[in-house]
Undergrad: 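One structure follows; several queries about it will come next.
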Amino acid sequence: MISIVLIGTGNVARHLLDTFRLYQEIRVVQVLGRNEKNLAYFREFSKTSSDFEKLLPADLYIIAVSDDAIPSVSQLIRNKNGIVVHTSGSVSLDVLSKYDHRGVFYPLQTFSKERKIDFKNVPICLESNQREDMELLKTLAHHISEQVYEISFQQRRSLHLAAVFVNNFTNHLYQIGNRICEENKVSFDILEPLILETAHKIKDLSPHDAQTGPAKRGDKRTIKQHMEVLGNSGYRKIYELLSQSIEREYSEWIENPYLPDRGIEKK
Ligand SMILES: NC(=O)c1ccc[n+]([C@@H]2O[C@H](COP(=O)([O-])OP(=O)(O)OC[C@H]3O[C@@H](n4cnc5c(N)ncnc54)[C@H](OP(=O)(O)O)[C@@H]3O)[C@@H](O)[C@H]2O)c1
């Protein structure tokens, strides 16, 4: 049995609790949060407290709070023997340096409270300063996921940076697309099959091979037309920057369309 105290009441804490409670081998003995109101959801499944002095003993303390709050919140865990980990993709293990037993338990997925996630498909990236602590983290991670990776801080940070591009920025581009549709009174739903196919096709093609569109083809007239429609809005700058980046990626091919495609087959 692995006993856990969860610290934080946000998206990640909620998803971790919902997952851990499915396994007999894992017990969330307490959830700590600064805000009593936000602890309400957790009360049904675990003891809760907003008083960090009342921290219970556990094998593992998982700090799932905003990145910037990890250093100050970690200072509140006193006189405990368990391993202290955080769940961030971009915060170093060193912020927990006052603990002999420290680590990182980073689930690489986008979590929103409103969406259920099957943790079996969530890659979990682990780091620890002690071999035996890594073994416990791996045991826990293997209970809930089929994808467990022991990776360095530099690798985790790079994955998080890449994730910002492929997830956060992509979603922001959905928002822009949605707004353009609203302004022109056409349903955003019509774009849904395109959005889904864009995501699904990278299972078979590399991102390089999967690219289509005016910037890849070098269709300058279409690009000019789109820029005119966008006028002086901030979206125009985004369109221009992304188009230039795509053009650079394919410049050789645009200048000489008869070159064989230099893309690398994914499978
Ligand atoms: N969401 C994701 O997709 C995702 C994925 C992987 C990893 N992560 C990482 O997981 C961690 C938590 O992310 P999240 O999405 O769960 O964040 P979130 O939903 O915004 O929740 C943040 C939590 O941090 C607490 N908090 C913030 N400042 C605090 C402070 N000074 N003292 C005590 N508690 C404080 C908040 O408390 P209040 O509710 O009282 O404000 C809240 O419980 C972050 O390190 C993030 O990088 C997130």
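Each ligand, and each atom within it, is numbered from 1 in the order the structure gives. Hydrogens, waters and symmetry mates are skipped; everything else that's a heavy atom, side chains included, is used. The structure displayed is predicted, hence computed values, not measured ones.
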Undergrad: Can you confirm if the aromatic rings of F20 and H143 lie within a centre distance of less than 6.0 Å?
TA: no
Undergrad: Within the protein, flag every N or O under 3.5 Å from an N or O of ligand 1, and note the pair and distance.
TA:
unit_1	atom_1	unit_2	atom_2	d
ligand 1	1 (N)	F111	O	3.4
ligand 1	3 (O)	Q109	O	3.3
ligand 1	3 (O)	F111	N	2.8
ligand 1	10 (O)	T87	OG1	2.9
ligand 1	16 (O)	N11	N	3.1
ligand 1	16 (O)	V12	N	2.9
ligand 1	19 (O)	N11	N	2.9
ligand 1	19 (O)	N11	ND2	3.0
ligand 1	24 (O)	S66	N	3.3
ligand 1	37 (O)	R34	NE	3.4
ligand 1	39 (O)	N38	ND2	2.7
ligand 1	40 (O)	R34	NE	2.9
ligand 1	41 (O)	R34	NH2	2.8
ligand 1	43 (O)	T9	N	2.8
ligand 1	43 (O)	T9	OG1	3.0
ligand 1	43 (O)	G10	N	3.3
ligand 1	45 (O)	V65	O	3.1
ligand 1	45 (O)	D67	OD1	2.6
ligand 1	47 (O)	D67	OD1	2.7

Undergrad: Hey, could you give me the CD1/CG distance between I180 and L230, rounded to the nearest 0.5 Å?
TA: 5.5 Å
Undergrad: Output all residues satisfying side chain to side chain donor-acceptor pair (under 3.5 Å) with S3, sequence neighbours left out; order by chain, then residue number.
TA: D59
Undergrad: Decide whether a cation-pi geometry holds between R157 and F153; the criteria are a distance under 6.0 Å from NZ or CZ to the six-membered ring centre and an angle within 45° of the ring axis.
TA: yes
Undergrad: Please list, chain by chain and in numerical order, all residues satisfying side-chain contact (heavy atoms from CB on, under 4.5 Å) with E228, sequence neighbours excluded.
TA: K224
Undergrad: Going by the rule ring pair (Phe, Tyr, Trp, His ring centres under 6.0 Å), which residues pair with H15 if we only count those two or more places apart in sequence or in a different chain?
TA: F111
